[in-house]
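I have placed the structure first, in the form of structure tokens, so that the comments after it can refer back to it.
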Amino acid sequence: MLSTKPDESKHSTTGTFTASTDVDGHFVGDPLEMQFYKDQDKGLWYLGATQRPASQPHAFKGIDLYVPGDIPGDGQTSTYQMKASDLATARYWRYVDGGHSPYTSVEGTLTVAYFAIEQRMKGSFRCTASFGSETITITDANFDLTGITNAKHILPRTKQGQLTATLTGGISQKFVSDSINVKHVNQELALTADQSVWEPLPPRQHRITLFIKDGVKAGRYSFAEDKALIRAAYVTPNQSSEVFTAISGELYLASDPTDKHLEGRLSFDTEGVGDPDKKVSVKEGTFRWLV
């Protein structure tokens, strides 16, 4: 009887991953940046593709696809829904204004087959993905990948910064951003940091935001006393869309903030916009953004 155990001698993933989006048009994954492996922490299969514009080598668009880990390995077709509460999840990464924004599936359908002996997974999907109030529709997504990526060869996409913090009352105790974006809009800097939490499944998303008015310099500021200059919030955009605004706490800026370099620490207590009795505390926060 043939073994269905993955061949550890295969280190690379080959194949195709294409899609169409209503915002960016056609997506074609780079053949040299395909990834296909079992994410042991999440208990899900991961398939990833990246497209890099030739004129912007540090920019990218990407698609992450998570497939339930118990999919049969005999090649039979399985169909999964892709609502926010489902395990089958797609994420479309978009490089915009110097930041990487993750759009996560909230509706859609995935059809996929796994051939364990061949280390091959192929299928198609369509979905609507959201990033806050913004949405992107992905259609005609087709993938056919062979060869399980060796753990030593798994490469994360470029990150230009990160925000970490300890939470009380949030959807997890630890916040470690998957993506961070800083842009200048309406005479202020807007920092948005997002994380998807995979334990327990299905994945849930939460966000920390920080707004800094033009003219603010390096130093210490109070979210209570300097609210005309700085604002912060904790947000759960893909669950019940709750917003918790900072009512007290401190922000420390290590340097004069710009959309190219923003670094410092923050801690704040919040109350819910819709229900002031609901509280979330964000403590021991550190952030760094550099482009």
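Quick note: residue numbers are just sequence positions, from 1. Note that the structure is a prediction, hence the values are computed from the model and not measured.
Ser222 places none of its side-chain heavy atoms less than 4.5 Å from the side chain of Glu250. Thr245 has its side chain within reach of Val273: a pair of non-hydrogen atoms, C-beta onward, lies under 4.5 Å apart. In this structure, the side chains of Asp30 and Thr50 stay at 4.5 Å or more apart for every pair of heavy atoms. For the pair Tyr92/Ile138, a side-chain contact is recorded, criterion being any heavy-atom separation below 4.5 Å from C-beta on. Tyr66 has its side chain within reach of Arg91: a pair of non-hydrogen atoms, C-beta onward, lies under 4.5 Å apart. Annotation: side chain of Phe125 is in contact with side chain of Ile63 (closest heavy-atom distance under 4.5 Å). Residues Thr236 and Arg204 are not in side-chain contact: their nearest non-hydrogen atoms beyond the backbone lie 4.5 Å or more apart. Proximity of Asp86 to Tyr80: side-chain heavy atoms (C-beta onward) are nowhere separated by under 4.5 Å.
How far CG of Leu87 is from CG of Asp70: 8.0 Å, rounded to the nearest 0.5 Å. Rounding to the nearest 0.5 Å places CZ of Phe175 at 4.5 Å from CD1 of Ile208. For the atom pair NZ (Lys42) and CD (Glu199), the distance works out to 10.5 Å, reported to the nearest 0.5 Å. To the nearest 0.5 angstrom, Phe115 atom CZ is 8.0 Å from Asp144 atom CG.
Transitive grouping of hydrophobic side chains (ILVMFWY, heavy atoms separated by less than 4.5 Å) brings Leu47 and Met34 into a common cluster. Side-chain heavy atoms closer than 4.5 Å link hydrophobic residues (I, L, V, M, F, W, Y) into clusters, and following such links, even through other members, never connects Val280 to Val243. Ile171 and Leu167 fall within the same hydrophobic cluster, where Ile, Leu, Val, Met, Phe, Trp and Tyr residues are linked whenever their side-chain heavy atoms come under 4.5 Å apart, directly or through other members. The hydrophobic cluster containing Ile136 also contains Met82, counting ILVMFWY residues as joined when their side-chain heavy atoms lie under 4.5 angstrom apart, directly or transitively. Criterion: ILVMFWY side-chain heavy atoms under 4.5 Å apart, direct or through other members. Under it, Ile212 and Val235 are not part of a common hydrophobic cluster.
In the model, Thr111 has no side-chain atom that pairs as donor or acceptor with a side-chain atom of Ser124 under 3.5 Å. The closest side-chain donor-acceptor pair between Gln35 and Tyr46, if any, does not fall under 3.5 angstrom. With hydrogens and angles left out, the side-chain atoms of His184 and Asp214 include a donor and acceptor closer than 3.5 Å. Side-chain contact of Trp93 with Asp64: a donor-acceptor pair under 3.5 Å is present, judged by distance alone. Remark: the Thr149 side chain and the Thr13 side chain contain an N/O donor-acceptor pair separated by less than 3.5 Å. With 3.5 Å as the limit, one finds a donor-acceptor pair spanning the side chains of Glu284 and Thr166.
The aromatic rings of Tyr114 and Phe36 lie perpendicular to each other, with more than 60° between the two planes, well past the 30° mark.
Across all their heavy atoms, Ser78 and Pro72 have their closest contact at OG-CD, 3.7 Å. In plain terms, the two heavy atoms of Ala88 and Ser105 that are nearest each other are O-OG, 4.4 Å. Closest approach of Ala113 to Gly75, counting heavy atoms only: CB-O, 3.5 Å. Across Gln205 and Arg207, no two heavy atoms sit closer than the pair NE2-NH2, 3.8 Å.
A salt bridge links Glu271 with Lys279: the closest approach of a Lys/Arg side-chain nitrogen to an acidic carboxylate oxygen falls below 4.0 angstrom. We find that Asp259 and Lys183 are not joined by a salt bridge, their nearest charged nitrogen and carboxylate oxygen being 4.0 Å or further apart.
Cluster note: Val176 groups with no other residue, as no ILVMFWY side-chain heavy atom lies under 4.5 Å from it.
For residues 249-268, the set of pairs meeting the ring-ring contact (aromatic ring centres under 6.0 Å, His included) definition, not counting sequence neighbours, comprises Phe223-Phe268.
The number of heavy atoms from other shown groups lying within 6.0 Å of NZ (Lys283) is above 12. In the displayed structure, Lys174 atom NZ is contacted under 6.0 Å by more than 12 heavy atoms of other residues, nucleotides or ligands.
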